[in-house]
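Single-structure report; data block below.
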Amino acid sequence: MYLCSGRFTRGSFTDCSMTNVKLIRLIICCLVIVAMVKFFFRPREYKTTNAKTHDIVQAVNFWASDGARKVVEPQEDTIKKENQDNQDVKPQVVGNQEQEKVEDVLDGVMTDPLKIVHLDLKGAAPKVTYLAQVPEDIEEIKSLATQHKLQLIPLVQAFGHMEFVLKHEKFFKLREVDTFPNSLNSLAPGSIELVQEMLTQVMKKHPEARWFHIGADEVRGLGESEDSKRWLEAHSGDMGKLFLNHVTAVSTFMKKLNKGVKLILWDDMFRRLGADTIKDSGLQDFASLMIWKYTPNMDVKEIGNLISKYEEAGFKGIWFASAFKGASGIDQLWTPILHHLKNHEQWHKVIASMPEYKSIKYLGIALTGWQRYEHHTVLCELFPVAIPSLAVCLQTLKHGQFEIEAQNEVQRFLGCEIDLSASDWGSFPGSDIYEMVKKIGNSLGRSVDKIMNSYHIRGSFSVYNRKRNFANPRNLGFFQEDLKKLMDEWDNFLMMFRERMEMIFYPDTLEEWMEENVNQHIERLHEMVVDVDRIIVLKGQPKLV
């Protein structure tokens, strides 16, 4: 399925019923993965690759170090009590739950794997008016799964990456590490109730959801709280069970809250666990893992080892997660398409190998598009900037490589000639933002640096001159007009940029992006113009203290 297409590549990342700001702001309270119900194309027949291996991958740390994932910030500072009738549902610890078999959960749900486009709304969340353009374009191509059969897969972090809640003083007592807001202390009184309330709120807004992602990745500091240390001392230091107890309790609650929902968890915390340890938890009977890896040089054999282990642990289905943006640099301004294309070429190889695994089903792949590495870090690429990358990645998954057929499809969708080294990408929704960000990234800082390093400014209007209000007006005249011209050009351009951004993003996103990428440069220009105007009228008189 396509999230960007021709005018925008065809795909969708939001439910067609999402028509107002109130709903989108509610969804911002959680990470959102938006899924297409089916491929609009059938996967090719894949040839068997190397024989699978059953080696168990052991990470250096309990969590994987492949790169941070991110969380969303809720719109309210506290968790409201709305669903009191669900408060009597008490999840049990590992080993005591009644389990619904995954065979029953998956039966009849789908015939083909899903291709999912992830929309991270915790940073730079687009307005609904912009999002609405995407389903409109999607409807035009091949009757996308019989007229845009789309479904929303909410993601609510329930263990790690809970900064969006734990940053508030009210919830400091629920932190695993007192000074860090990263992870929940699952043993602290009130922790499971907090998670249950978050899940209940989001589930109420998405009663039709067939899949629900509960996160559980990168639980930083696990085992460091006094509660955890006491528990570990009493349970032979079993860190794996400490982790599994919580995620199984959360999963049990979700199954009681909505019997028909199917659960997804990130896999990185499971990479250090043995197959038997996972199997003993019973989690494999009502949840699926999503293996994530975003690097261009991804080791296909390593992924195969993980699939083998999870198959041995009894999971009946497996998901994968690639990245089309937000995973190549913590403050990335411009999406490196080749980086992400190579990541998807490697994932295609993994998908092609799935017939080797007889008892675990490939359920689909999520093309993630992170806005931040985590809640407290800066924005990555804006969504419109990454649309060409998304188009290329989707076609690479379909064809296995970005050859002529894939290039032609992307060209048709985006309305432009395809050249991975070029930056002219057609007329898709947000293409004006794409071009403007390119100009800002390539030219703003350089143009300011160039004039600041010019002969007359370096020699006649240094920091000392400006501080002491002392300069020769004749020398200032050599660059005064060029300086003002440059300032006016950028002021006019940035005014237009603001107008375009305001059509897509909320004011807080615009201000943050400008502060990070624009203001430091344009303020240098403005300050220099003010200093020139002030000092030139002094006619070169002696230094003023």
Side-chain angles (χ1 to χ4, degrees), residues 51-66 91-106 158-160 183 186-187 213-219 222-223 228-229 231-255 262-293 299-321 350 353-354 356-363:
K52 63 178 179 176
T53 175
H54 291 276
D55 295 340
I56 304 301
V57 173
Q58 298 292 331
V60 176
N61 298 314
F62 186 74
W63 49 78
S65 58
D66 302 71
Q92 302 171 9
V93 295
V94 174
N96 293 332
Q97 67 278 4
E98 293 184 7
Q99 301 166 344
E100 180 180 357
K101 297 299 181 183
V102 106
E103 296 93 321
D104 297 329
V105 171
L106 297 178
F159 207 169
S183 303
S186 62
L187 302 175
H213 203 311
I214 58 174
D217 60 315
E218 296 179 332
V219 188
L222 181 65
S228 295
K229 289 176 180 177
W231 189 96
L232 289 169
E233 186 176 353
H235 295 83
S236 304
D238 195 338
M239 190 81 77
K241 189 171 183 180
L242 175 63
F243 168 75
L244 288 168
N245 277 355
H246 179 69
V247 295
T248 306
V250 172
S251 300
T252 303
F253 172 81
M254 285 296 290
K255 295 303 295 181
K262 292 157 285 296
L263 303 178
I264 304 172
L265 300 93
W266 298 117
D267 87 299
D268 54 279
M269 294 294 289
F270 292 82
R271 296 176 191 176
R272 279 295 302 271
L273 302 178
D276 290 339
T277 299
I278 299 172
K279 185 180 294 186
D280 289 344
S281 74
L283 188 65
Q284 70 280 2
D285 290 324
F286 46 70
S288 303
L289 297 181
M290 182 174 279
I291 302 176
W292 59 274
K293 193 77 170 181
D299 188 335
V300 173
K301 182 179 179 181
E302 177 186 348
I303 301 300
N305 293 339
L306 292 173
I307 297 171
S308 294
K309 180 173 73 169
Y310 299 148
E311 181 182 36
E312 183 182 347
F315 286 102
K316 300 301 187 295
I318 194 72
W319 296 84
F320 304 135
V350 175
S353 74
M354 285 309 295
E356 300 176 19
Y357 304 90
K358 304 307 180 184
S359 60
I360 189 168
K361 181 178 181 180
Y362 164 53
L363 300 177

Exercise for the section: Determine yes or no for a side-chain-to-main-chain donor-acceptor pair under 3.5 angstrom, with His246 supplying the side chain and Ala158 the backbone. Expected result: yes
Practice task
Would you indicate whether the side-chain heavy atoms of Lys262 and Phe286 approach each other to under 4.5 Å?
Solution key: no
Problem - Contacts of type ring pair (Phe, Tyr, Trp, His ring centres under 6.0 Å), residue Tyr310, not counting sequence neighbours - result: none
Exercise for the section: State, to 0.1 Å, how close Ile303 and Lys293 come at their nearest heavy-atom pair, and which atoms those are. Expected result: CD1-CB, 4.3 Å
Handout entry: Glu312 backbone acceptor or donor facing Lys279 side chain under 3.5 Å
Key = yes
Problem - Short side-chain to backbone donor-acceptor contact, Thr248 and Asn245, under 3.5 Å - result: no
Handout entry: Student check: side-chain heavy atoms of Ile307 and Phe320 closer than 4.5 Å
Key = yes
Problem - Side chain to side chain, Leu244 and Val247, heavy atoms closer than 4.5 Å - result: yes
Practice task
Work out which heavy atom in Ala321 is nearest to a heavy atom in Trp266; give both atom names and the distance.
Solution key: CB-CZ3, 3.7 Å
Problem - side chain to side chain contact (heavy atoms under 4.5 Å, CB included) partners for Ser228, two or more places apart - result: Glu176, Asn185, Leu187, Ser225, Leu242
Problem - Distance in Å, Lys255 NZ paired with Leu263 CG, rounded so as to fall on 0.5 Å steps - result: 5.5 Å
Exercise for the section: Can you measure from CD1 (Ile360) to OG (Ser308) and round to the nearest 0.5 angstrom? Expected result: 9.0 Å
Exercise for the section: Check whether any side-chain heavy atom of Phe159 lies under 4.5 Å from a side-chain heavy atom of Ile214, and answer yes or no. Expected result: no
Problem - Residue pair Leu363 / Ser288, side-chain heavy-atom distance below 4.5 Å - result: yes
Handout entry: Which atom of Asp268 lies closest to which atom of Glu218, heavy atoms considered
Key = OD2-N, 2.9 Å
Exercise for the section: Could you pull out the closest heavy-atom pair between Lys309 and Leu273, with the gap in Å? Expected result: NZ-O, 2.8 Å
Handout entry: Any side-chain heavy-atom pair of Asp217 and Asp267 under 4.5 Å
Key = no
Exercise for the section: Determine, for Trp292 and Arg271, whether the Lys NZ or Arg CZ falls below 6.0 Å from the six-membered ring centre while staying within 45 degrees of the axis. Expected result: yes
Exercise for the section: Without swapping roles, check the side chain of His235 against the backbone of Gly237 for a donor-acceptor pair under 3.5 Å. Expected result: no
Fill in the blank from the handout: One should read off an interatomic distance between Leu283 CG and Asp280 CG, to the nearest 0.5 angstrom, of 12.0 Å
Problem - Closest approach of Ala275 to Ala313 (non-hydrogen atoms, all atoms of both residues) - result: O-CB, 3.6 Å
Problem - Check: Met239 and Leu232 side chains under 4.5 Å, non-hydrogen atoms - result: yes
Practice task
Would you indicate whether the side-chain heavy atoms of Phe315 and Ile278 approach each other to under 4.5 Å?
Solution key: yes
Practice task
Might you point out which heavy atoms bring Met290 and Ile264 nearest each other, and give the distance in Å?
Solution key: CB-CG2, 3.9 Å
Handout entry: Test item: Ser236 side-chain N/O and Asp238 main-chain N/O as donor-acceptor pair under 3.5 Å
Key = no
Problem - Proximity of Tyr362 and Tyr357 rings by center, below 6.0 Å - result: no
Handout entry: All salt bridge (charged side-chain N to carboxylate O under 4.0 Å, His left out) counterparts of Lys229, not counting sequence neighbours
Key = Glu226
